[in-house]
Amino acid sequence: MRYYELLQDPDQAVVQKQLIGLLTDHCPQVLEDLRQEADEIRHRSVGDTVHVRGIIEFSNYCIRSCRYCGLNRGNNQVQRYRIPPDEIVKTAREAAAMGLKTIVLQSGDDFYYTREVIADMVREIKKTGVAVTLSVGERPRDDYRAWREAGADRYLLKFETSDAGLYEALHPGTRLDIRLRCLEDLRDLGYQVGSGFMIGLPGQTPEILAGDLMLMRSLVLEMAGVGPFIPHPGTPLGQDSAGEVNLALKILALSRLLLPWAHLPATTALSSLEKDGRRLGLTGGANVLMPNITPPEYRRLYEIYPHKAEVKDSSRELYQATLELIKELGREVALDPGHGLSPATRLMLREEL
Ligand code: 5AD
């Protein structure tokens, strides 16, 4: 547990320095060792089960202009869609019947779906007994409150980068502190909170990446998602290069060492760049898979980045393939909803490992 110990130093400046050293190192053995430690810590803290979360991407309309994202409002090449609420609920019911324990509702920042419409969907879906995760962007605190009261369990909102300058450059017209304020609101309201960042963004430095990892830890996230940046030709960053797979794998492993308690997905972005991405994720710190259960006629239109994995198969096929991969790796599909661990348990894990 050499690297784990190194990262436990109570002095944050020391941890930051260790992280920068590891991020700038290119020795394959260091990556392998980090992955092995991450796998062991994953086993000891969250066990060998894999949580499967079905994601429904219900609208690709977006009011924002994020320079990396294919759904940004300025991209007029996108065929936009909105799935009607009753069809979203029907899709969620089918997924619950298939055995999924968590449904994730994700969309662009699309205020067509009002506070009440989303609250009603949450209430309906909760009747099936599944956990509900929302990922619909920055909204007023009162929206977050209404959805929590309707039964939503979790919320995903990535901070994307911890560097305020880079954040503003990538997200015209908004600021990092607004995003962090949303995360605080969600925390206050009792959500299990997920966040994270992209790897390989233009202008990103090892110092910034170390800051990203440290911010994830200081937010004491229940869920942490890290994935490579993938350039989309319909965006201002279309000509930039993609994040490196090995760097993404290293940062996934470091995320596990820094947040032993957290649920960490093997992200779709990783498997879009690397065909073995989900397997590499699960063997290097991750314990969550998120098969796409958006009805296939909409799925290819949710193009955050090009060549997104999983656009072709039916939801059932994707779900089955997910279950098979888990079995193949000698792991088990979790039968519980996979809620975040309690603050007390998280604290204990931090001290005990
Ligand atoms: N490459 C990789 N990830 C992206 N996201 C958005 N655009 C891209 C891209 N071009 C990620 C962001 C966002 C999540 C839904 O998808 O992290 O939070």
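In listed order, ligands and their atoms are each counted from 1. Side chains included, hydrogens not; waters and symmetry mates left out as well; all remaining heavy atoms used.
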Lys/Arg-Asp/Glu bridge criterion (N-O < 4.0 Å) met for Glu124, Lys90
no

Can we say Arg316 and Glu94 salt-bridge, meaning some charged N sits less than 4.0 Å from an Asp/Glu carboxylate O?
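No, Arg316 and Glu94 are not salt-bridged.
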
| field | Under 3.5 Å: donor-acceptor pair, side chain of Arg82, backbone of Tyr113 | value |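 Flag not set: sc Arg82 to bb Tyr113 has no pair under 3.5 Å.
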
For [atom], what is the closest protein heavy atom, and at what distance to 0.1 Å?
atom	result
atom 1 (N) of ligand 1	Ile230 N, 2.9 Å
atom 6 (C) of ligand 1	Ile304 CG2, 2.8 Å
atom 3 (N) of ligand 1	Met198 SD, 3.4 Å
atom 2 (C) of ligand 1	Pro228 O, 3.2 Å

Practice task
Validate the cation-pi geometry between Arg256 and Tyr4: distance from NZ or CZ to the six-membered ring centre under 6.0 Å, angle to the ring axis within 45°.
Solution key: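 Not satisfied by the 6.0 Å and 45° rule.
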
Exercise. Evaluate the ring planes of His171 and Tyr68, with Trp represented by its six-membered ring, and classify them as parallel (under 30°), tilted (30 to 60°) or perpendicular (over 60°).
Key: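 Ring orientation of His171 relative to Tyr68: perpendicular.
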
Worksheet item: Below 4.0 Å from any atom of ligand 1, is there a heavy atom belonging to Glu160?
Response: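 Yes; Glu160 lies near enough to ligand 1 that a heavy-atom distance drops under 4.0 Å.
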
With sequence neighbours left out, what residues match Glu303 under side-chain hydrogen bond (donor to acceptor under 3.5 Å, both in side chains)?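 His232.
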
Counting heavy atoms under 4.0 Å, the part of Lys158 that contacts ligand 1 is side chain

Discussion item. Suppose I only count heavy atoms of Cys69 and a 4.0 Å limit; which atoms of ligand 1 are within that range?
Written reply: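 Those qualifying, in numeric order: 7 (N).
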
inquiry  = I'd like to check which ligand 1 atoms, numbered from 1 as shown, lie under 4.0 Å from a non-hydrogen atom of Tyr68.
reply    =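 Numbered from 1, ligand 1 contributes 6 (C), 7 (N), 8 (C), 9 (C), 10 (N).
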
